[in-house]
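Here is the structure we will look at.
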Amino acid sequence: GDQEAGELGLAAVPGRQAAFRQGLEEAVQYARAVGCHRIHVMAGRVPLGADRAAVAGEMETTFIENLTYASDLLAHEDMIGLVEPINNRITDPRYYLNTPHQAAAILEKVGRPNLKLQLDLFHCQIMDGNLSRNLETYFPLIGHIQIAQVPGRHEPDSPGELNFPYIFELLESLGYTGYVGCEYAPKGDTLEGLGWLRSYWENRGLQHGGTSKAAK
C-alpha cells in the first residue's frame, strides 16, 4: 500500500483489491528471486475515521476474498501465505488483525492449506498472554514464529515478561522445525544483540551455529 498515506498492507482494506493484487504479484517476484517460500500477507489498517466494529464485517469479507486470491497465486509458486496478528494496544491501534483467535477463524473460513499463521509472540503476549495454550492450540496452523521480549521489544534475554528458554523447549516438544524470526530492536549493536543465542547454544551443549559438540 501507500505507506506515506498511512497504509500498512491492503488485504483487508475494502476498495483496494486491485492494488493488493498488484502488490502481491510484485512480492512474489521478489520472493522467487531470493528463494523465499513464505510471504506475509498484511491485513492493513481500519480506514481512518471509521469505527472498527462498524467496518469489521466488510473488512473480513475483503480479507477472505483477497486471501483466497493469494492462495491460488501462491500455490502456483509453491509458496505459503502468512497472516500475522499485530497488537492494537501498543504497536498499531488501527491494525485490523489483532489476535490469533481472529486469525485462526479467518483461516478456517478461507480453508486453504497454503495459508498459515505467522505468530509473533510479542504481539500475542500483549493481546492475550496464555502463550503455552495458544501455541498448543494453534500449532497446526503456525507457519512462522517471531520473537521479542515484552514490553521493551528487545532481545529474548532482556528484562521482561517472557521465559524464552521455556518457550523454545515447548516449541521443540511440539515438533516445530521452522525458522524463528528475531523481530526485536537490539539494545546495542547486532552482534552484541545475538549474545543470548550463543548462551542458549552453550547451555544446550551446542557449538555456535547449533551443531552438537558430540557430533564434532
Side-chain angles (χ1 to χ4, degrees), residues 27-28 30-42 67 70-71 73-86 97 99-108 110-125 127-150 153-157 160-184 186 190-191 193-216:
V28 166
Y30 279 100
R32 187 192 304 130
V34 300
C36 178
H37 293 279
R38 284 170 168 77
I39 292 179
H40 176 194
V41 184
M42 299 192 74
L67 286 175
S71 173
L73 179 65
L74 295 175
H76 290 295
E77 304 286 341
D78 195 26
M79 293 179 182
I80 299 291
L82 301 168
V83 298
E84 179 191 9
I86 296 176
L97 189 66
T99 70
H101 323 300
Q102 181 190 9
I106 288 171
L107 289 173
E108 183 178 357
V110 180
R112 298 295 181 88
N114 67 333
L115 296 178
K116 297 286 185 180
L117 174 63
Q118 179 170 311
L119 192 64
D120 188 319
L121 300 185
F122 173 82
H123 297 302
C124 188
Q125 170 70 3
M127 292 302 294
D128 191 61
N130 198 27
L131 290 186
S132 296
R133 292 298 185 199
N134 280 328
L135 281 168
E136 292 166 357
T137 299
Y138 298 115
F139 187 75
L141 293 176
I142 292 174
H144 186 58
I145 294 282
Q146 292 180 173
I147 60 169
Q149 186 57 275
V150 179
R153 208 168 189 177
H154 299 306
E155 295 88 340
D157 64 346
E161 300 173 12
L162 301 185
N163 179 353
F164 277 101
Y166 166 80
I167 290 171
F168 294 149
E169 288 186 13
L170 176 60
L171 287 172
E172 286 189 16
S173 72
L174 291 171
Y176 183 70
T177 58
Y179 288 105
V180 174
C182 299
E183 194 172 76
Y184 58 78
T190 300
L191 287 179
L194 289 171
W196 68 270
L197 182 56
R198 290 189 289 272
S199 297
Y200 178 74
W201 281 335
E202 290 169 357
N203 290 337
R204 300 294 303 277
L206 303 173
Q207 300 279 7
H208 295 173
T211 57
S212 169
K213 289 181 180 178
K216 293 288 186 180

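Residue numbers start at 1 and run along the sequence shown.
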How close do [X] and [Y] get, counting heavy atoms only, and between which atoms?
{"X": "V41", "Y": "G81", "value": "CG2-CA, 4.3 Å"}
{"X": "D120", "Y": "E84", "value": "CB-OE2, 3.2 Å"}
{"X": "R198", "Y": "L191", "value": "NH2-O, 3.3 Å"}
{"X": "I142", "Y": "K116", "value": "C-CB, 4.4 Å"}

Starting at [atom1] of [X], measure out to [atom2] of [Y] and round the result to the nearest 0.5 Å.
{"X": "E108", "Y": "I106", "atom1": "CD", "atom2": "CD1", "answer": "11.5 Å"}
{"X": "D78", "Y": "R32", "atom1": "CG", "atom2": "CZ", "answer": "12.0 Å"}
{"X": "M127", "Y": "F122", "atom1": "CE", "atom2": "CZ", "answer": "12.0 Å"}
{"X": "E172", "Y": "T177", "atom1": "CD", "atom2": "OG1", "answer": "11.0 Å"}
{"X": "L194", "Y": "C182", "atom1": "CG", "atom2": "SG", "answer": "7.0 Å"}

Qualifying residues under side-chain hydrogen bond (donor to acceptor under 3.5 Å, both in side chains), relative to [X], sequence neighbours excluded:
{"X": "S132", "result": "Y166"}
{"X": "H101", "result": "D128, Y138"}
{"X": "S71", "result": "R112, N114"}
{"X": "N163", "result": "none"}

Under the side-chain contact (heavy atoms from CB on, under 4.5 Å) criterion, do I80 and L115 qualify, and how do the steps go? CA-CA 6 Å; I80 299 291; L115 296 178; over 6 Å; no

How about [X] and [Y]: do any of their side-chain heavy atoms sit closer than 4.5 Å?
{"X": "F164", "Y": "I147", "answer": "yes"}
{"X": "R38", "Y": "M79", "answer": "no"}
{"X": "Y30", "Y": "V34", "answer": "no"}

For A103, all residues meeting side-chain contact (heavy atoms from CB on, under 4.5 Å), sequence neighbours excluded: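 Result, side-chain contact (heavy atoms from CB on, under 4.5 Å) vs A103: V83, P85, L97, L117.
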
Run the side-chain contact (heavy atoms from CB on, under 4.5 Å) test against H144 and tell me which residues pass, sequence neighbours left out.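 Per chain and number, H144 pairs via side-chain contact (heavy atoms from CB on, under 4.5 Å) with L82, Q118, Q146, Y176, Y179.
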
Going by the rule salt bridge (charged side-chain N to carboxylate O under 4.0 Å, His left out), which residues pair with E183 if we only count those two or more places apart in sequence or in a different chain?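 Applying salt bridge (charged side-chain N to carboxylate O under 4.0 Å, His left out) to E183 gives R153.
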
Contacts of type salt bridge (charged side-chain N to carboxylate O under 4.0 Å, His left out), residue E169, not counting sequence neighbours: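 Not a single residue meets the salt bridge (charged side-chain N to carboxylate O under 4.0 Å, His left out) criterion with E169.
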
Indicate whether any N or O donor in one side chain lies under 3.5 Å from an N or O acceptor in the other, for Q125 and E161.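 Q125 vs E161: donor-acceptor pair found between side chains.
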
I would like to know whether L135 and I145 meet side-chain contact (heavy atoms from CB on, under 4.5 Å); could you show each step before the answer? CA-CA 10 Å; L135 281 168; I145 294 282; 4.0 Å; yes

Contacts of Y200 that satisfy ring pair (Phe, Tyr, Trp, His ring centres under 6.0 Å) - sequence neighbours left out: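 Result, ring pair (Phe, Tyr, Trp, His ring centres under 6.0 Å) vs Y200: F168.
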
Counting N and O atoms only, with roles assigned by atom type, does the side chain of T190 sit under 3.5 Å from a partner on the main chain of P186, one being a donor and the other an acceptor?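 Checking the backbone N and O of P186 against the side chain of T190, no donor-acceptor pair under 3.5 Å is found.
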
Treating T137 as the side-chain partner and N134 as the backbone partner, does any N or O pair qualify as donor plus acceptor under 3.5 Å?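 A pair under 3.5 Å: no.
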
Intermediate values then yes/no, side-chain contact (heavy atoms from CB on, under 4.5 Å), Y184 and W196: CA-CA 13 Å; Y184 58 78; W196 68 270; 2.9 Å; yes

Chi angles and distances behind the side-chain contact (heavy atoms from CB on, under 4.5 Å) call for L141, L119: CA-CA 9 Å; L141 293 176; L119 192 64; over 6 Å; no

Pairs where residues 131-140 contributes a residue and the test salt bridge (Lys or Arg N to Asp or Glu O under 4.0 Å) is met, not counting sequence neighbours: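 For residues 131-140: R133-E136.
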
